[in-house]
Protein chains: 2
Amino acid sequence: MELNEKQIQILKVAEKLFAENGFDGTSVRNIAKEAGVNLAMISYYFGSKEKLLSTLLLYRMADFKIQINTVLSEDRGFIEKAEAIVGLAIKRIHRNRRMYKIVHFEYSNLSRNVNFNQYVEKKKENFKVIEVFIKEGQEAGVFSKNVNIPLMFSTITGTYFNFYYNKRFFQDMHNLQGEASIDDYIFNILTPHVQRTIKALLTYEE
Amino acid sequence: MELNEKQIQILKVAEKLFAENGFDGTSVRNIAKEAGVNLAMISYYFGSKEKLLSTLLLYRMADFKIQINTVLSEDRGFIEKAEAIVGLAIKRIHRNRRMYKIVHFEYSNLSRNVNFNQYVEKKKENFKVIEVFIKEGQEAGVFSKNVNIPLMFSTITGTYFNFYYNKRFFQDMHNLQGEASIDDYIFNILTPHVQRTIKALLTYEE
DNA sequence: GTTTAATTTAAACAATCGTTTAATTTTGCA
DNA sequence: TGCAAAATTAAACGATTGTTTAAATTAAAC
């Protein structure tokens, strides 16, 4: 898959509009207009609207994998590493929030003819990496046993997206105006909350 | 707002289809056909497709408020009460999962002309009730300070919905077939995970 | 039983949808 | 410069969209 600049421009506009208005709420004419290209170019480049979504999915998937090698190799305790990993995870989720939102809605839409295999594989890879780290922490006696790793991921990602899907509510509640103050909230309030939650969960003994 | 049986039938079908295929992915003809009513009846009863969504929102909103009075009045410890409240919350979220999914997508869709004020108010009421309970627990020395209550809600609701939005993934991973085994997973695996997480968070001291 | 109101229906409305066509322009290479 | 391939365009396609209409049917009131 080799994409030229114009194709990438179309993909980025499509990602924005799909995330804002949904796949069905976005017309190819909307995309073409905002991307500044002729309507027919989308069929010409991607074949169809659904294939455009599939291409977008593949294009963005490269960024779905957690990059925690540097964190793991550092000389820090398990708790500090867990904290750092959560921080990295939220950064990556926030960067890919639009793509995640699209996946959340379209992945559970059975009538959609889009291939999500790559998404599933990336997710499984992420679990494997974290699983190894947590088992090491358990053997070292730092982390408690019986932590459900897929659900721990759900807690991290889910907390972020429940904020994101209720953004207007949180904006109203905390007087957050503009993208910058939302980013501030995510990195200064939400991230510490999730870090605290995961640290608590990983060390909790009944 | 008084709805007859046929109107409620239409609302229920609309809720199902909106949740499955999105608001824009559902046509009024789809709704009319599945509800077994004439196409024009929807305009006749509700005025428009958007007003149908507004009516649905109001109709379902009654069930959004947490009912925890019985739990709070029981003679149990704060930890056990917190556990029970989380269990009730997940039950309620699961029961209203379709409505929540619709709200998640449409509430962040700015072009949609739907009134979400009632949704926001119900959310705030829920926070107030929980806030009182947690402050009591803090004063009793059981719960640790500095818990962000709206974000704790996000953690509960978010964990559930990250599971729900990746249902196909979890089904594949754990061989869950049919609605019954999904319900089993939610009540026997997911709910204990969230209860454990919240208990850990509420008692965590750095 | 008659009349008025409420309900239900099929048909039509204009607008928009995704996609295709065929003609034109631009590009890259000999 | 000439020519074939690639890119771009405006226009049209049939299908589907939400909504309205006006006529037909049923229910309720007197």
Quiz item: Could you state the NZ-P distance from A:K51 to C:dT20, rounded to the nearest angstrom?
Solution: 9 Å

Quiz item: With sugar-phosphate meaning primed atoms plus P, OP1 and OP2, does B:Y45 contact a base, only sugar-phosphate, or nothing at under 4.0 Å between heavy atoms?
Solution: sugar-phosphate

Quiz item: A:N30 has an atom CG; how far is it from atom P of C:dT19, in whole Å?
Solution: 14 Å

Quiz item: Between A:D172 and B:K124, does at least one N-O distance fall below 4.0 Å, as a salt bridge requires?
Solution: yes

Quiz prompt | A:R29 side chain, from C-beta outward: closest of C:dC17, D:dA7, D:dT19 | solution = C:dC17

Exercise. Figure out the NZ/P separation between A:K49 and D:dA15, and round it to whole Å.
Key: 19 Å

Practice problem: Return no unless some side-chain N or O of B:K6 is found under 4.0 Å from OP1 or OP2 of C:dT7. | Solution: no

Quiz item: Are OP1 or OP2 of C:dC17 and a side-chain N or O of A:S27 less than 4.0 angstrom apart?
Solution: yes

Quiz item: Nearest to the side chain of A:S43, which nucleotide is it out of C:dC17, C:dT19, C:dT9?
Solution: C:dT19

Quiz prompt | Out of D:dT9, C:dG18, D:dT19, whichever nucleotide has its closest atom nearest the side chain of A:V28 | solution = C:dG18

Quiz item: Which nucleotide sits closest to the side chain of A:M41: D:dT19, C:dG18, D:dT9?
Solution: D:dT9

Practice problem: Using atom CD of B:Q9 as one end and atom C1' of C:dT7 as the other, report the distance to the nearest whole Å. | Solution: 17 Å

Quiz item: Which listed nucleotide (C:dA10, C:dT21, C:dT19) is nearest to the side chain of A:A40?
Solution: C:dT21

Quiz item: Any cation-pi pair here, A:K49 with A:F23, using under 6.0 Å and within 45°?
Solution: yes

Quiz prompt | Pairwise distance NZ(A:K123) to CZ(A:F153) - rounded to 0.5 angstrom | solution = 8.0 Å

Quiz prompt | Separation of C:dT19 P from A:L39 CG (nearest whole Å) | solution = 10 Å

Quiz prompt | Between C1' of D:dG18 and CZ of B:R112, the distance in whole Å | solution = 13 Å

Quiz item: A:N38 CG to D:dT9 P: how many Å, rounded?
Solution: 5 Å

Quiz item: Can you check whether A:T55 reaches A:L3 side chain to side chain, under 4.5 Å on heavy atoms?
Solution: yes

Quiz prompt | B:Y164 ring center within less than 6.0 Å of B:Y100 ring center | solution = no

Self-check item: Counter-base of D:dA22, judged by Watson-Crick or G-U geometry with both distances under 3.5 Å
Solution: C:dT9

Self-check item: Minimum-distance nucleotide to A:Y44 side chain [options: D:dA6, D:dT17, C:dT9]
Solution: D:dA6

Quiz item: Rounding to a whole Å, what distance do you find between A:N4:CG and C:dT27:C1'?
Solution: 13 Å

